[in-house]
Student: 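Got a structure here, written out as structure tokens. Questions coming.
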Amino acid sequence: CQRPREDVNGVSAVSQTPVRVALLGAGTVGAAVARRLADRAEVFARRVGAPLELTGIAVRDLGRPRDLTGVLPGLLTDDPGALVDEVDIVVEVMGGIQPARGLIERALRAGADVVTANKQLLAQHGVELEALAGREGHGLEYEAAVVAAVPIMRTVRDALAGDEIRSIRGIVNGSTNYILDMVARQGVPFQDAVTQAGDLGYLEADPTEDLEGLDAAAKIVLLARAAWGGEVGMSDVQREGISGLTDADFENARGTGQVIKLIASAWRSGAPGAPRIEVAVRPTLVAADHPFAQTREGTNMVIIEADSAGSLRLSGAGAGGDETASAVLGDLINLARARVAAR
Ligand code: HSE
């Protein structure tokens, strides 16, 4: 058991025992995580107090081309199960429900902490996964699952833990915001804007995730749980996507000086002492001078109202390889620090 040593300046020297990390998935986000772990190895080692050692990258298709510049060769494997049993921290960025869920459970039971960006898995099974992590005494972190680079989970769950959040409202889906922005500001016909978003690769593999509001619903469910605890689930979301909108709807909005935005909301209602949590995703008319109306293209924005803090606004990139990797790596480094501190 080695502890980080204090040097003369009070800065922790790097302990030699590495924190072992397994990466599940090497798509756009996974490859970005692997590249950063390679090219920022020294910086991360200083921040953690020990090197982060990537022991393997599990992928479905070994032959698929991917950019792993700077990453040690020979790390790719198509056997994720063997990887998760042997490490301190598992990073799951493969997406989908299975095998991701089984691998996360196996990792937690085998003694690892877990970082995941898997919003649908968390929205559907996160309560059970958090309970398992709690029972096993390991961390389960997922900042990247909600609005990627924007540190919204930490803000809601940790920074505002001493306040009372009243509501969270936001544009949390970048591809539908791109579509709505193209129609509102460039006058692109609605269906052409949908096609354009698909051609640019902005839509999920199953476009209904974005267009029917399922992606936004998963994110607002995770935010509601972080704000108020409890077991808010996907079936609690009053959900309407953008697929039913017509060009006439956009004309009408324009005529009244408003724009249509897909707004995800969570708020407290009911009597004091017996609060109810409501969650909704729906196309909403927004005044042209509202910050949501100014949220352009793929940008996301969330506004939190809290009793003491008042109104807080966070915005930024809600998708993208490097942007999502930023949040994944933040969780990874924090979990690794805690591991090193506990040695
Ligand atoms: N489909 C999502 C979006 C990707 O458009 O925001 C990031 O979660």
Side-chain angles (χ1 to χ4, degrees), residues 25 27-33 91-97 100 115-124 126 141-154 156 168-184 190 193-224 226 234 237 239-243 245 260-266 281-284 292 295-303 314-331:
T28 313
V29 175
V33 169
V91 175
E92 185 275 306
V93 285
M94 64 203 305
I97 304 298
V115 178
T116 175
N118 195 329
K119 61 208 156 194
Q120 289 298 348
L121 173 63
L122 290 160
Q124 291 174 41
E141 297 291 341
Y142 44 89
E143 183 62 68
V146 184
V147 197
V150 179
I152 185 76
M153 289 300 294
R154 231 176 268 283
V156 168
I168 302 170
R169 296 177 69 226
I171 294 169
V172 296
N173 180 272
S175 51
T176 50
N177 198 58
Y178 174 85
I179 293 166
L180 298 175
D181 197 38
M182 285 297 113
V183 181
F190 176 60
V194 173
T195 306
Q196 211 177 90
D199 291 346
L200 289 165
Y202 291 171
L203 292 168
E204 298 278 336
D206 174 2
T208 59
E209 291 273 316
D210 295 311
L211 302 176
E212 301 301 339
L214 290 159
D215 174 90
K219 291 168 183 166
I220 199 69
V221 160
L222 296 180
L223 286 170
M234 289 293 278
V237 183
R239 178 175 54 83
E240 185 187 337
I242 66 165
S243 60
L245 294 173
I260 300 173
K261 292 291 187 184
L262 186 67
I263 303 296
S265 319
V281 172
R282 55 174 75 102
T284 304
F292 285 153
T295 303
R296 301 278 153 84
E297 301 195 359
T299 307
N300 287 192
M301 174 179 284
V302 181
I303 299 176
L314 282 85
S315 72
D322 285 326
E323 293 85 346
T324 310
S326 165
V328 168
L329 289 163
D331 280 345

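Quick caveat, the model's predicted, so the values are computed rather than measured. Remember, it's 1-based here, ligands and their atoms both numbered in the order they're listed.
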Student: Closer than 4.0 Å to some heavy atom of Glu204 - which atoms of ligand 1 meet that?
Tutor: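 By the 4.0 Å cutoff, the relevant atoms are 1 (N), 2 (C), 4 (C).
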Student: Under the side chain to side chain contact (heavy atoms under 4.5 Å, CB included) test against Thr116, which residue among Val91, Val328, Leu122 passes?
Tutor: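 That would be Leu122; it is the only one of Val91, Val328, Leu122 passing the side chain to side chain contact (heavy atoms under 4.5 Å, CB included) with Thr116.
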Student: For the 3.5 Å polar cut-off, considering only N or O atoms, please tell me whether Lys219 and ligand 1 meet it.
Tutor: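 Yes, there is a polar N/O contact under 3.5 Å.
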Student: Which protein non-hydrogen atom lies closest to atom 6 (O) of ligand 1, naming both residue and atom, and how far is it?
Tutor: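 Among all protein heavy atoms, the one nearest atom 6 (O) of ligand 1 is Gly174 N, 2.8 Å.
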Student: Taking N or O atoms only and a 3.5 Å limit, does Asp210 qualify as a polar contact for ligand 1?
Tutor: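 N/O-N/O distance under 3.5 Å: yes.
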Student: Could you pull out all residues at least two apart from Glu297 that satisfy salt bridge (Lys or Arg N to Asp or Glu O under 4.0 Å)?
Tutor: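 Here no residue qualifies.
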Student: For ligand 1, which part of Asp215 has a heavy atom less than 4.0 Å away: the side chain, the backbone, both, or neither?
Tutor: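 Asp215 to ligand 1: side-chain contact only, backbone stays beyond 4.0 Å.
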Student: Examine distances only and state if a side-chain atom of Glu204 and a backbone atom of Ser175 form a donor-acceptor pair shorter than 3.5 Å.
Tutor: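 Not a single qualifying donor-acceptor pair exists.
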Student: Mind listing the closest non-hydrogen atom pair of Ala264 and Val172 along with its distance?
Tutor: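 Ala264 and Val172 have their closest heavy atoms at CB-CG2, 3.8 Å.
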Student: For atom 8 (O) of ligand 1, what is the closest protein heavy atom, and at what distance to 0.1 Å?
Tutor: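 Among all protein heavy atoms, the one nearest atom 8 (O) of ligand 1 is Lys119 NZ, 2.6 Å.
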Student: Under 4.0 Å from a heavy atom of Ser175: which atoms of ligand 1 are those, numbered in the order shown and with their elements?
Tutor: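 Going through ligand 1 atom by atom, the ones under 4.0 Å from Ser175 are 3 (C), 5 (O).
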Student: Could I get the full list of side chain to side chain donor-acceptor pair (under 3.5 Å) partners for Arg154, not counting sequence neighbours?
Tutor: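 If we apply the side chain to side chain donor-acceptor pair (under 3.5 Å) test to Arg154, skipping adjacent residues, the hits are Asp331.
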Student: Tell me, which protein residue and heavy-atom name are nearest atom 7 (C) of ligand 1, and how many Å apart are they?
Tutor: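 Protein heavy atom with the smallest distance to atom 7 (C) of ligand 1: Gly318 O, 3.3 Å.
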Student: Are the side chain of Arg239 and the backbone of Glu212 linked by a donor-acceptor contact shorter than 3.5 Å?
Tutor: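 Yes.
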